[in-house]
Amino acid sequence: MAHQLTGGACIRLNEPIGGDDELFNMRPTVQFLSFKKVVPAPGSSATVDRYRVIISDGEHFLQAMLATQLNHLVEDEKITKHSIATIEKFTCNLVQDKRLLIILSLQIVAKDSSKIGNPTPIQSPSGPNAAGALPQKTAPAASTSTMTARPPPAALAQQPPRQQTRNGRNTVYPIESLSPYQNHWMIKARVSQKSDVKTWSNQRGEGKLFSVTLMDETGEIKGTGFNNAVDELYDKFQEGKVYFVSKARVNLAKKKFSNVQNEYELTFERNTEVEECHDVTNVPTVRYNFVDIGKLSEITKDSVCDVIGVVKDVGQLGEITSKTTNKTVSKRDLTLVDRSGFSVRLTLWGKQAETFVAEDQPVIAFKGVKVGDFGGRTLSMFSSSTMQVNPDIPDAHALRGWFDAAGVDQNYQAQSSSGGGGGGSYGQFERAEILPVNTVKEREMGMSDKPDFFLCRATIMHLKTENIAYPACHTDGCNKKVIEGHDGWRCERCDRSWEKPQYRYIVSLAAADYSGQAWLQGFNDAGQVIFDSKSADEVVEVKDRDDVAFNKIVEQAMGKTYNFVCRAKQETFNDSTRIRYSIQRILPVSYKEEGAYLANLLRRSDWAR
DNA sequence: CCCCCCCC
């Protein structure tokens, strides 16, 4: 029944932010066309699900969000597809240049109905930029009001700015309300993180920069200063202190390069004002959303999370050379434990690695660390991650008490390698989760541009015997294939020839477990294990000389079960792309270690219940 | 205007 719906409601609701008060006073009756649950990204500061809905006025439809206090209406099926309701209160936010309607309260008119009319999408996109594209009568003065100092409706409805003043005039805006379409704002925020000054030099020029993460009750935002702004502001900003910040430019955040939870970011400019604020009420210190170390396996690789743990071990300072930039970087691995009975390796980089002082097993809270999946789960600091040693927070005190009383003598199940080369023959993969072969495939490991590592336990079902080895250079670590020529076997890389090649294994084997089978590629180390410590030279010699003896060697390799540490990576040759599983390590199953591992699992605190 | 976040 079309007359139940408020005609033209969607067009009006889609008007630019800053529209007249009349707009916010309207109580349109609309029909819900769909509901979609939006689950917060792992590591995001959001912790509750939200519902994205599509509403219709019978002529047009429009996307909106339900405020979380209305979630129960969907979950209890008080509103369903085609329900009709009157929106009693709403607000809107700007998200990436788009306007997002948020329904704050509604009155259900009819729970069950059928679809009314044949609504179409609203045509012109309506960021404030697009205001001119809207019919004049629907957007009176809207484009100018967005440029005034007036807080946006979102801030009015959800976060009324406290009428705190500075110099008797400025209103404090919540970080949440900042957008590029607004000039005269001022935020009051704590610096939760300040970077070092970095310099760059590329085709476009060179310069220096620094960045901070600013935080208030409503959210966080990254701010960056270049060149002059470094001189002006770098020393002024102190980690942990609170500042009024205004007149910085607001840009769309390039999310790819930042893990700060905000669609926008700030650039500090010549006239940017920064003034320390000594009234720090209502400006939170670092907000943590800790994940148990034992739950890290549930967190997606490459996401960002907060972790608190006792530093059980501090690794040596090491150095790596980045494959992409060729630069050397210092690193140091810490082993963290918590009450979940698990441990995890966390890597510090650069200055943080160098200056880390190995105190007496402190509790450290980490914010915004990256989750990796090398041999299970690992953690790694970003430049924007922060750590607090022995923070004065309840979680830390509880951990300290537990660890000193009980945790210190406990065994931990590793989410990842310990970094310092662990004891058993499983080495650093000692306690990584053993994945069924099918799970490796189902998880599409190796499908991204970066390799994935996994551990599986499988039995050799088949071995390709045609090319079991290749003639290689003798030079230690060269391993390059050599070609027979007039002066012997020549290595292009080493620019020298050998009288005889040194054969190295390249084994292609099918390994199976209860779940399925996969073809794995192994190199010399794997071949030596599979062929009972025989060198490739020996086996090639037998193969050339005595078929029966060679078949016997192959026979004895079959049906044996190993733990395979594998690397999955997509490779393309001849226009076809497939995932290659290469064996990084092959380990005979140690029943003694397996027994100890299982006993340890049983001792885990959360299994004892 | 940076933008790398690394290695086994």
Side-chain angles (χ1 to χ4, degrees), chain A residues 43 193-213 222-231 234 248-249 251-260 265-270 272 301-304 315-335 345-354 366-387 414 416-422 426-430 432 449-455 525 565-569 582-585:
Chain A
Q193 188 267 149
K194 182 174 89 164
S195 76
D196 295 332
V197 175
K198 286 177 272 186
T199 56
W200 85 88
S201 163
N202 59 29
Q203 306 94 305
R204 288 185 293 276
E206 53 183 59
K208 58 182 175 179
L209 74 131
F210 80 105
S211 64
V212 290
T213 306
K222 180 180 169 180
T224 307
F226 293 94
N227 303 320
N228 289 340
V230 177
D231 303 330
Y234 187 75
R249 198 167 72 223
N251 299 317
L252 259 189
K254 291 169 190 138
K255 308 224 67 158
K256 199 178 141 197
F257 303 124
S258 165
N259 51 48
V260 174
E265 59 191 28
L266 302 177
T267 305
F268 304 131
E269 302 190 294
R270 197 173 292 273
T272 293
K301 167 172 146 65
D302 293 333
S303 59
V304 171
Q316 298 282 320
L317 184 65
E319 202 172 65
I320 59 107
T321 305
S322 164
K323 277 179 175 162
T324 44
T325 63
N326 241 6
K327 283 184 185 164
T328 58
V329 191
S330 340
K331 59 162 267 187
R332 189 194 296 273
D333 289 337
L334 309 181
T335 304
R345 193 185 90 197
L346 182 144
T347 306
L348 305 176
W349 301 98
K351 202 173 275 180
Q352 266 178 330
E354 290 158 21
F366 295 88
K367 179 161 181 61
V369 291
K370 181 189 161 180
V371 178
D373 71 344
F374 191 76
R377 279 289 180 273
T378 57
L379 298 173
S380 175
M381 292 286 275
F382 280 117
S383 64
S384 57
S385 311
T386 58
M387 56 185 240
S416 55
S417 61
S418 60
Y426 292 6
Q428 60 175 314
F429 295 96
E430 190 162 14
D449 26 335
K450 284 193 174 177
D452 292 311
F453 293 86
F454 63 91
L455 175 64
D525 295 346
V565 175
C566 294
R567 174 187 190 268
K569 177 87 174 76
S582 56
I583 301 168
Q584 306 291 292
R585 294 187 70 183

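The basis for the numbers below is simple: all heavy atoms, side chains too, and nothing from hydrogens, waters or symmetry mates. Within every chain, numbering begins at 1; the chains are lettered A, B, ... in the order of the sequence lines, protein sequences first and strands thereafter.
- One N or O donor and one acceptor, one from the side chain of A/Ser383 and one from the base of B/dC5, sit under 3.5 Å apart.
- Candidate nucleotides B/dC1, B/dC6, B/dC2 were compared by shortest atom distance to the side chain of A/Ser322, and B/dC6 ranks first.
- At the heavy-atom level, A/Thr347 lies under 4.0 Å from base atoms of the strands shown.
- Checking the phosphate oxygens (OP1, OP2) of B/dC2, a side-chain nitrogen or oxygen of A/Arg204 falls inside 4.0 Å.
- Of all heavy-atom pairs between A/Arg332 and A/Gln316, the closest is CG-O, 3.8 Å.
- The nearest whole Å value for the distance from the NZ atom in A/Lys208 to the C1' atom in B/dC1 is 14 Å.
- No aromatic stack links A/Trp349 and the base of B/dC5, using centre distance under 5.5 Å and interplanar angle under 30°.
- Side-chain atoms of A/Arg567 and base atoms of B/dC8 include no donor and acceptor less than 3.5 Å apart.
- The side chain of A/Ser380 approaches B/dC6 more closely than any other nucleotide in the set B/dC4, B/dC3, B/dC6.
- Within 4.0 Å of A/Lys370, counting heavy atoms only, lie sugar-phosphate atoms of the nucleic acid but no base atom.
- Every pair passing side-chain hydrogen bond (donor to acceptor under 3.5 Å, both in side chains) that includes a residue from residues 195-212 of chain A is listed here, sequence neighbours excluded: A/Lys208-A/Asp231.
- With rounding to whole Å, A/Glu319 atom CD is found 14 Å from B/dC7 atom P.
- Residue A/Ser385 is out of contact with every strand shown, counting any heavy-atom pair closer than 4.0 Å.
- Going from atom CZ of A/Arg345 over to atom C1' of B/dC7 covers 8 Å, rounded to whole Å.
- A/Ser385 places a side-chain N or O within 3.5 Å of a backbone atom of A/Gly368 that can act as its donor or acceptor partner.
- Using a 5.5 Å limit on the distance between ring centres and a 30° limit on the angle between planes, the aromatic ring of A/Phe226 counts as stacked on the six-membered base ring of B/dC1.
- At a threshold of 4.0 angstrom between heavy atoms, the contacts of A/Gln203 with the nucleic acid are absent.
- Between the C1' atom of B/dC7 and the CG atom of A/Asp333 lies a distance of 9 Å, rounded to the nearest Å.
- As rounded to whole Å, 10 Å separates atom P of B/dC8 from atom CD of A/Gln584.
- To the nearest angstrom, P of B/dC4 lies 21 Å from CZ of A/Phe210.
- Taking atom CH2 of residue A/Trp200 and atom P of nucleotide B/dC4, one finds them 14 Å apart after rounding to whole Å.
- Under the side-chain hydrogen bond (donor to acceptor under 3.5 Å, both in side chains) criterion, A/Ser380 pairs with A/Trp349, not counting sequence neighbours.
- Across every non-hydrogen atom of A/Val230 and A/Leu209, the tightest pair is CG2-CA, 3.7 Å.
- Taking atom CZ of residue A/Phe374 and atom C1' of nucleotide B/dC7, one finds them 8 Å apart after rounding to whole Å.
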